[in-house]
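Inspection log for the structure reproduced underneath, given as structure tokens.
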Amino acid sequence: MARAFPTERPEGCALVTGASKGIGAATAIALAADGWAVGVHYGRDAAGAQATVDAITEAGGRAFAVSGDVADPAAPDAILSAVEAELGTVLALINNAGITDDGLAMQLDDDAFDRVIATNLGGAFRLTRRALGPMVRARYGRVVNVASVVGLNANAGQSNYAASKAGLVGLTKTIAAEVARRGVTVNAVAPGFIATDMTTDIPEGQLGAIPARRPGTPDEVAACIAFLASDAAAYVTGSVLTVDGGLSA
Ligand code: NAP
């Protein structure tokens, strides 16, 4: 009888960017529960990253904290090299680190536009480019990009963020097509309103627009990312999974 999934995971680890808090922290913990050793990347919040590492190791898993500004073109090689030295080949890359810097387009300055694009889109591109070689050689890889429903549908005041997240969707589909033959999948999740530091002030009116009538939790996004990173998702590539309580439906 044919095996359910054609490829099983070789030795290696996962790397989650922006795992010091929020969706990234929940994702690192979920991947560790699935048996991955996890590189816990962070920007400035070393204590948050350590808390994620502690949660993983206390549950019997393996984790390693690594910092770096993803908007810095030199960072991806430094981050991946540090994780490889500690945990082995990165076979699952979760591009989660991201920022907002909102304003109506007419008032948005170059710095706010460039910084959001460089962090959310440039960082994901460079990390993926650096990670793909070892994945292709291993004939196994999982890349999951954390996009947003704002990359799919309009949200006034977030043109820079929307452009970065729509860019991630294009990046996801195109790179998926480039590496599908090599056993590497590239997918995106598009969360709606998720209760994290990024969304401390969601207006009540916006919550009312969500068919589920509540914000999502980081764990609910993490579970979807963990599925896309699993062996079970071997035939899912180039897809965008909305995790939004029906908001974009
Ligand atoms: P969060 O709680 O604000 O966490 C953001 C993470 O990204 C932190 O770990 C932060 O690191 C890291 N980060 C930001 N800029 C960085 C940089 N230049 N270099 C390195 N790390 C950087 O955000 P979240 O809500 O969990 O969001 C995570 C992802 O989900 C983002 O891509 C966001 O756009 C996306 N998303 C969120 C929502 C939502 O409703 N929350 C909805 C859709 C999509 P430090 O804190 O260590 O500096």
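All values derive from a computational prediction rather than experimental measurement. Order of listing sets the numbers, starting from 1, for every ligand and every atom in it.
With hydrogens and angles ignored, the 3.5 Å screen pairs a side-chain donor or acceptor of Thr52 with a backbone N or O of Gly48.
Near ligand 1, residues Gly18, Ala19, Ser20, Lys21, Gly22, Ile23, His41, Tyr42, Gly43, Arg44, Asp45, Gly68, Asp69, Val70, Asn96, Ala97, Gly98, Ile99, Thr119, Val146, Ala147, Ser148, Tyr161, Lys165, Pro191, Gly192, Phe193, Ile194, Thr196, Asp197, Met198, Thr199 come within 4.0 angstrom through at least one heavy atom.
Asn187 and Ser239 form a side-chain donor-acceptor contact under 3.5 Å, judged by distance and modelled atom types alone.
Under a 4.0 Å N-O distance rule, the pair Glu86/Arg62 does not qualify as a salt bridge.
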List the atom pairs, donor and acceptor, that lie under 3.5 Å between side-chain atoms in residues 65-76 and the rest of the protein, sequence neighbours left out.
unit_1: Asp69; atom_1: OD1; unit_2: Ala71; atom_2: N; d: 2.9
unit_1: Asp72; atom_1: OD1; unit_2: Ala74; atom_2: N; d: 2.9

May I have the list of side-chain donor-acceptor pairs in residues 166-175 shorter than 3.5 Å, sequence neighbours left out?
unit_1: Thr172; atom_1: OG1; unit_2: Asn145; atom_2: ND2; d: 2.9
unit_1: Thr172; atom_1: OG1; unit_2: Leu168; atom_2: O; d: 2.6
unit_1: Thr174; atom_1: OG1; unit_2: Gly170; atom_2: O; d: 2.9

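Remark: Arg214 pairs with Glu220 by the salt bridge (charged side-chain N to carboxylate O under 4.0 Å, His left out) rule, at least two apart or across chains.
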